[in-house]
Number of protein chains: 4
Amino acid sequence: MPTSAGIRYGMVGGGKGAFIGGVHRQAIAMDGLAELTAGCFSASYQNTLETGASLGMAPDRLYKTYRELIRAEARRPDGIDFLVIVTPNHLHYPIAKLALEHGIHVVCDKPLVTSSEEGRALATLAKRKKLLFGVTYTYTGYPMVRHMREMVANGDLGDIRFVAAEYPQGWLATPLERTGQKQAAWRADSKKAGLSNCVGDIGSHVENMVAYVTGLEIRALLARLDRFVAGRALDDNASILVEYQGGAKGMYWASQIAVGEDNGLRVRIYGTKGSLEWAQEDPNYCQVARLGGPTVRLSRGRDTLYPAAQRMSRIPAGHPEGYYEAFANIYSSFVAALGKRKSGRRLTAEDREFPGVDAGIRGVKFIEKCVASSKKGAAWVKF
Amino acid sequence: MPTSAGIRYGMVGGGKGAFIGGVHRQAIAMDGLAELTAGCFSASYQNTLETGASLGMAPDRLYKTYRELIRAEARRPDGIDFLVIVTPNHLHYPIAKLALEHGIHVVCDKPLVTSSEEGRALATLAKRKKLLFGVTYTYTGYPMVRHMREMVANGDLGDIRFVAAEYPQGWLATPLERTGQKQAAWRADSKKAGLSNCVGDIGSHVENMVAYVTGLEIRALLARLDRFVAGRALDDNASILVEYQGGAKGMYWASQIAVGEDNGLRVRIYGTKGSLEWAQEDPNYCQVARLGGPTVRLSRGRDTLYPAAQRMSRIPAGHPEGYYEAFANIYSSFVAALGKRKSGRRLTAEDREFPGVDAGIRGVKFIEKCVASSKKGAAWVKF
Amino acid sequence: MPTSAGIRYGMVGGGKGAFIGGVHRQAIAMDGLAELTAGCFSASYQNTLETGASLGMAPDRLYKTYRELIRAEARRPDGIDFLVIVTPNHLHYPIAKLALEHGIHVVCDKPLVTSSEEGRALATLAKRKKLLFGVTYTYTGYPMVRHMREMVANGDLGDIRFVAAEYPQGWLATPLERTGQKQAAWRADSKKAGLSNCVGDIGSHVENMVAYVTGLEIRALLARLDRFVAGRALDDNASILVEYQGGAKGMYWASQIAVGEDNGLRVRIYGTKGSLEWAQEDPNYCQVARLGGPTVRLSRGRDTLYPAAQRMSRIPAGHPEGYYEAFANIYSSFVAALGKRKSGRRLTAEDREFPGVDAGIRGVKFIEKCVASSKKGAAWVKF
Amino acid sequence: MPTSAGIRYGMVGGGKGAFIGGVHRQAIAMDGLAELTAGCFSASYQNTLETGASLGMAPDRLYKTYRELIRAEARRPDGIDFLVIVTPNHLHYPIAKLALEHGIHVVCDKPLVTSSEEGRALATLAKRKKLLFGVTYTYTGYPMVRHMREMVANGDLGDIRFVAAEYPQGWLATPLERTGQKQAAWRADSKKAGLSNCVGDIGSHVENMVAYVTGLEIRALLARLDRFVAGRALDDNASILVEYQGGAKGMYWASQIAVGEDNGLRVRIYGTKGSLEWAQEDPNYCQVARLGGPTVRLSRGRDTLYPAAQRMSRIPAGHPEGYYEAFANIYSSFVAALGKRKSGRRLTAEDREFPGVDAGIRGVKFIEKCVASSKKGAAWVKF
């Protein structure tokens, strides 16, 4: 458990009734990474006040709008070091922009923004201002994911030939968005969610996971987006064929209407020398097969993992680590880099193992390309 | 164990060094369904003689060519009732045609033939001659597959929305066909295997399994066929998007280069009311989820299966049935229909639960369409 | 598929309404090992006649009593070579004894007899008459079981320290024997089943499996036999502690009241250098862990098995073999030995890989010792 | 995330190089339950100072001995509310005693103490002083464990007949304690670990889990404790037969020499109407079978759990919760009760869902009885 070393953060979004904001806060708290000192948790100031009070925060650091928060905190000598953005997607851009303009580092939920132009603008701004920008592709925080990335990078699988990746969920098999369920409502609303619901929310996790683990770059794709629930404005299922630079191929599936599935993110990667398989719902293990050899079940904590994975593993094998710890690992990397930056040291590539603004932009572009392909009747588009 | 009731069969193919012929024979033998009385097991007469001798067969029923076999047996008063064809694909058509012309019922391995024209010719001939024609899509013989078919037919899953089906194998991850391995050699040879290797051999199982279980009819498809092993003449990997009549969608994957996979046929079917999942390598179980309910693991022999499935189940739960029994179930249905036909009784739909010539033709057409789509750069083609 | 080479067998038990007799017949038939030419399938002659007719047998080889069968067949020049005994337990002894006395080889279901004296008498008789005696501990026919035996014998696990083995079933969780269910009725009847139901029927499989795989010899044991269903005459659950020669220890559990379990035979063996785990319901795989190494899933057909296991494997990995094939493997070994014996060749140790009369006697002794221990209040008894 | 509401705690043990102390701290931190304000983390003051500094603690609250800590904190107006004891076992008693005497609530790791007399003394003292006493049987914090407890209590399984529970580990398969590994060293040292290593460390988890879930009370037991690694002073493997009040029976196995096992705590409970199975390494699910029905896989977050379980579940199904969250749930219950107590409200039975001193005493007694039985040659002893 590192100490927070006086690092302070603020949060926009994540008030009562929201889901993911609390997970961000707990993940940061469990490792003592930073102190939450400012908040604008909701469009409702009442909600913000209640949420802040329940967290023991000072009332004068609870703000009516994100603009107020950013401007006030930027002026304070004890103002926040970074801002966590956990609002619906359409607000990511203006909030992140304003924070960067005021010299505040940013961690933003994914998908980063609703157009790749916006993403590039943020990247340019962050670079110019020399500010860190993290994007919480949570699943990259699992130690086994880090290990798989190293395996591929070190050639353990040979040349990658084929990737089969998927993220089925079942929670939108019925028109839940019409029942008043808050999450479902904004995600199914193109004004708030952006161009896509299914690809935007979970297809983007598939894209990011494959890119993170394999380093493969998409050259072209073909996507078929479905709306299986009548009257739904955005997609709830997507079948995607992918071609990578260098000749590898991939097949992605994301769904929100797959009855019986929860968060079934699963990646299978086949190379010339071996293959691996990992499922988010059983994250402490991965299956590895080598050409001509038996299938091995690698276990976090027990088996010899690459150092980059070992660093993220907290407790011995057989005591499961889960979603909170994956989240905390992302923040742990981000805050370590922040501390280094604050102390004037130069960041190396290794310090940037948290997903950054570039991964965020690529994710948004992926969504755009999928939507474009689907609109053309599921035709091939260059990436 | 029903008695063979005097039913006799012959076999073309399946000599020493071949694989599947022996499985056919043992499956027929275990249920005492019919007696093997005639054989032309190989292009090598020596092989035929040795194979026949090892099976205790009469030497005068061992033939040099399939033509001899068919003509001689057709003339005998104690000639064979049906002929099993287990040769490489390109020989299916001439052999089946000659057998039908001589009034002999046929069971043929899949893929049925190498063009749908040939398939239609056989269907016409069989119909005109009033002969039974079975195609050994083995996996449809598993009791749980029969149960799933009944579940869908009875609306247990509601309307089907999406099908995710796959058949990964890893045995051709290296250029095995150049090492003298017999199976690999003919399957990679377009003169013997037909238009396709991967789709022909295993993609066709995916197509048939989905059609058998769901009854869905393909309206259009898009296929990308890959040749990942350099110098290979035919495909070794295929990604296929499918649209069915009525609006359901599907995604198929077949591969022979998926290191670590054996015979990973797996079907997942998602409807408005529930879903199911079945894997060929664990065939005695299937997973069923109902909207709003927990996931249930149905067990052959233990749980209440539909009668059509129950009929195929041999022993109580917990004693695994496998591939041989699935094969035997196909033959059991075929021979029962044959017995009925021989005794002059009329066959009902229920008597035709073995896959027939129509399934065979559809399978060939599927291969043709996949190849056509792929040649156009993985474009959509009508089915 | 070997040929039956003119080997003939008869069967006592296994008429309509019985379960296991048919499995024996099909297992023999699938490999064409021997021809069923004589039968006394039931105490009801009518049943015997109907069963025989359904199997296409000659009416003059269907007998009213086992005595008739044995005496008549022993006199015939074309009489049976071996007799399969699949009756309730109490009849095994007199039938086997009479068969041996008449020079007929025997295959008998387990538990062999109802007292170890009877067992020893049969062993003596078989030895004197130079007759083969097989006992169908079916599960030893699985290829992975053969492989595990070789692993232990070759020291792959180091010295064995601890064995955890179990066989839970749930079918007698209610007083099924009072509903007229035939199997349940005789098994719960001490006159027919012998001293024990649960240990006799399935605990004996645990004992045999551990002995077969590890070669460990029991030095002492302590058994607690329960009767959880009120009014039941024999045990339906058993907890057993075992000490082996040489210092290893074991723990066995057998149950017929474990709701939700089918044929859950599972063996885990821990040595100084590694461990292995195998479950009968998933018989094509076993898990192997080596000290300091990851857990490996060995797959029949795919991974490198010892020759004694490889010989029993029929089809490539991923096409499951099951219970019938395990049975057939036992018979295949028995019939091979029989053929060798008939042709006057000497049998080697390797020819005796089917479980024989000694394993049968040890199994009966195990039952006796468990019952004795339990009667003393679950106290330690020497073996 | 509740607020710490000004609750403060101290910790004895858990310095650099220790394992479990940090987990306690992070579990408390993630929910913001209490603030760590005092520590004596090690017998080495240097270690305490470094650990405290890394946690951002005030130097004047870092103590050389636990006595100093307790006395000083008891005098401070802003002294700690409760003390967490995470030292080797032999120190639990004197520390807990002193804390209670000074009016400080206690949370102590398990096994509670090294004799049941000590345990009873602590219980008496806590009761007299009206202080809360929690024992961190971590695994009871998993939501599915809470659900299973409710299932049994509500009769969903009918009357419990048999319990099969186990906790295999493999980390002591070699004499690790002689290599300088700190954990292994003190656990293998009877002066620090108490009467037993294997039963004390993990057998006690089996006992507690079964008692917690079923409410069954042990009437008698028989234990065989082994020392498989030569030269080891304490047990490293234990086989235990149990009889409960009311006639149910159980079988426990704990091992530290089971190569390939990590923290394999697994409980299977069989009743007249159903059964359930849960494994600590896959804690978000449990298997439930009902008499005559199929096996159901219940999923935390997705399926309908009893309210006492639902309260402990943090995030939706499919995002795994793990060991940290189980720990946090224990503390969450403890701190909630403490808050209620501090505010003068009366505690109800429901407030005591964290394992308390009585569970701790019962655990110690279990260890004593197992050791006593084993010393008599694995004979039955009354509980």
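When reading the values below, keep in mind they use all heavy atoms of this one structure, side chains included, and skip hydrogens, waters and symmetry mates.
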Check the pair A:His319 / D:Phe19 against ring-ring contact (aromatic ring centres under 6.0 Å, His included), numbers first and verdict last. CA-CA 13 Å; A:His319 280 145; D:Phe19 159 55; 7.0 Å; no
Which one of D:Gly260, D:Gly170, D:Ala27, D:Gly322 has the most heavy-atom pairs closer than 4.5 Å to chain A?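 Maximum pair count with chain A is reached by D:Gly260.
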If you compare all heavy atoms of D:Ser299 against all heavy atoms of A:Asp262, which two are closest, and at what distance to 0.1 Å?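 Looking at all heavy atoms of both residues, the shortest contact is OG-OD2, 3.9 Å.
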Using a 4.5 Å heavy-atom cutoff, which residues in residues 277-285 of chain D come close to chain A?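 Residues of residues 277-285 of chain D touching chain A at under 4.5 Å: D:Gln280, D:Glu281, D:Pro283, D:Tyr285.
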Got [X] and [Y] here, is their nearest side-chain heavy-atom distance under 4.5 Å?
X        : Y        : value
A:Pro316 : D:Tyr323 : no
A:Pro320 : D:Tyr324 : no
D:Glu325 : A:Glu325 : yes

Please flag which part of D:Tyr142 lies under 4.5 Å from any non-hydrogen atom of chain A: side chain, backbone, both or neither.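 It is the side chain, since no backbone atom gets that close.
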Given that the side chain runs from C-beta out, which part of A:Ile315 has a heavy atom under 4.5 Å from chain D: side chain, backbone, both or neither?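 Interface part for A:Ile315: both.
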Examine distances only and state if a side-chain atom of A:Arg302 and a backbone atom of D:Glu261 form a donor-acceptor pair shorter than 3.5 Å.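 Not at all, since once roles are kept as given, no pair shorter than 3.5 Å links the two residues.
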When rounded to the nearest 0.5 angstrom, what distance separates CE in D:Met30 from CD in A:Gln26?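 Reported to 0.5 Å precision, the distance equals 5.0 Å.
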